[in-house]
Amino acid sequence: MPALDAFLNQSLAALEKAHLTRKLHEDQYVDAINVLRSGRKYISFASNDYLGLSHHPQVVAAGVEALERYGTGGGASRLVTGNHPLYAETEVLLATMKGTEAALIFGCGYLTHIGVIPALVGKGDLIVLDEFSHASIIDAAKLSGAAMMRFHHNDMQDAEKQLVTFRGKYERCLLATETTFSMDGDTAPVGELAALARKYDAWLLTDDAHGMFQNTKYAAIQMGTLSKAAGNYGGYVCGSRALISYLMSKARSFIFSTSLPPATLASIKAALEVIQSDPDLAKRPLKHAELFSQLLGLPPVQSPIVPLIIGENEPTLKAAEKLQADGFLVPAIRPPTVPRGTARLRFSFSAAHQKEDIQRLAECVRKCHA
Ligand SMILES: *Cc1c(COP(=O)(O)O)cnc(C)c1O
């Protein structure tokens with residue numbers, strides 16, 4: 001066995017050669033879309049703050065007030081002494097927006113899956129999921145010990161084939177998908193998946209991390225994050241009262257992790273109230289994505305996420321660098337986040353972008369892609 005650092009340096013060299021090294025930048029958002037990096041200001045098309053709520057005056061004020069009243073940390077896990085009253089207030093709001101009986105907030109979206117999936121299925125059970133499902137679903141599925149079968153992306157015939165082939169061999173079955181796919185921006189046929197879940201006696205779990213808090217009503221288990229459109233941090237699951245009670249006693253990432261800071265909860269609650277009170281706000285990111293795709297003649301969009309698939313890693317990185325030189329931050333997404341050979345630029349649009357920003361971006365993309 002090589003010494004630790006020898007092993008690490010060898011591995012890092014291999015990553016570097018494949019253009020797969022990941023590096024941190026220091027980024028400081030001065031508002032929802034303008035970000036400072038290395039002393040220069042950029043317009044970001046690389047944030048999931050779809051509604052610009054991270055800098056919304058009401059959302060910030062609610063956080064500041066709670067920070068002064070309640071201090072910085074949650075103090076303990078929710079089951080010990082960390083269950084601030086703001087949790088229940090926020091969970092009632094979430095359940096109302098998603099049209100379910102109840103909701104449960106976790107540390108973040110990743111921790112939500114890590115808790116929920118192994119609480120529901122384990123050895124001897126089956127998980128059937130879309131092949132493009134987020135890493136947090138895959139990791140949770142592996143942790144659960146259940147057998148995992150992937151179906152081709154959004155292919156209902158293949159999903160049914162997996163269920164026909166494997167369902168009978170296992171006891172419980174979870175059918176899982178993202179509602180809006182994080183790297184492709186397309187949406188899942190949730191109604192059809194719900195019909196398959198009924199037909200083959202499976203429980204449907206939807207990951208609505210990139211949704212805008214609409215009701216994904218067909219799913220028994222509606223998961224989502226508070227780190228994206230809500231502009232804060234945290235994860236949640238909505239469902240029946242029985243589901244929520246069960247998860248409180250069985251989801252290990254809920255039981256064994258500290259509660260969110262009360263100020264974060266106050267800001268989340270304020271953000272959800274803004275979304276509820278302004279129905280047009282949640283429509284704006286999609287309109288911005290539509291404008292961008294029309295300007296470039298790209299296929300019709302289904303969400304605020306627009307991928308431009310380039311293929312290989314190096315040209316994708318180069319394209320992102322060119323856009324950065326023009327003042328735009330756009331991430332180059334590479335394997336293993338997406339399948340090999342489908343490296344891409346991923347544009348995400350916010351309600352806070354201006355029309356002129358989008359027009360200028362489209363021009364620069366046309367230029368650098370030509
Ligand atoms: C971001 C994301 C998550 C994880 O949520 P966090 O709150 O960031 O941990 C889960 N699923 C999908 C599809 C995501 O894009």
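Source: prediction; values computed, not measured. As the structure lists them, so they are numbered: ligands from 1, and atoms in each ligand from 1.
- Ring to ring, H134 and F181 are not that close: their centroids are 6.0 angstrom or more apart.
- Under a 4.0 Å criterion applied to the non-hydrogen atoms of G234, ligand 1 contributes the atoms 7 (O).
- If you number the atoms of ligand 1 from 1 as listed, the ones under 4.0 Å from a heavy atom of E178 come out as 13 (C).
- Those atoms of ligand 1 with a heavy atom of S182 less than 4.0 angstrom away are 15 (O).
- The closest approach between a heavy atom of G235 and any atom of ligand 1 is not below 4.0 Å.
- Between the side chains of D130 and H152, no donor N or O sits under 3.5 Å from an acceptor N or O.
- Taking atom 5 (O) of ligand 1 as the reference point, the nearest protein heavy-atom neighbour is G109 CA, 3.3 Å.
- For the pair R78 and F254, the cation-pi criterion (under 6.0 Å, within 45° of the ring axis) is not fulfilled.
- The single protein non-hydrogen atom nearest to atom 8 (O) of ligand 1 is S227 OG, 4.0 Å, given as residue, atom name and distance.
- At least one donor-acceptor pair closer than 3.5 Å links the side chain of E178 to the backbone N or O of S182.
- Listed by number with element, the atoms of ligand 1 under 4.0 Å from a non-hydrogen atom of A209 are 2 (C), 11 (N), 12 (C), 13 (C), 14 (C), 15 (O).
- Nearest protein neighbour of atom 11 (N) of ligand 1, counting heavy atoms only, is D207 OD2, 2.6 Å.
- Defined by atom type and a distance below 3.5 Å, a donor-acceptor pair is present between the side-chain atoms of N48 and Y50.
- Side-chain contact between F349 and I305 is absent, with no heavy atoms from C-beta onward closer than 4.5 Å.
- Looking only at protein heavy atoms, the nearest one to atom 4 (C) of ligand 1 is Y110 N, 3.6 Å.
- Using a 3.5 Å distance cut-off with no hydrogens or angles, the side chains of N232 and T264 do not pair a donor with an acceptor.
- Taking a cut-off of under 4.0 Å to the non-hydrogen atoms of T225, the atoms of ligand 1 that pass are 5 (O), 6 (P), 7 (O).
- Residue S136 has at least one heavy-atom neighbour below 4.0 Å for each of these atoms of ligand 1: 10 (C), 11 (N).
- Side chain to side chain, R340 and T342 fail the donor-acceptor criterion of an N or O pair below 3.5 Å.
- Nearest to atom 1 (C) of ligand 1 among the protein's heavy atoms is K228 NZ, 1.5 Å.
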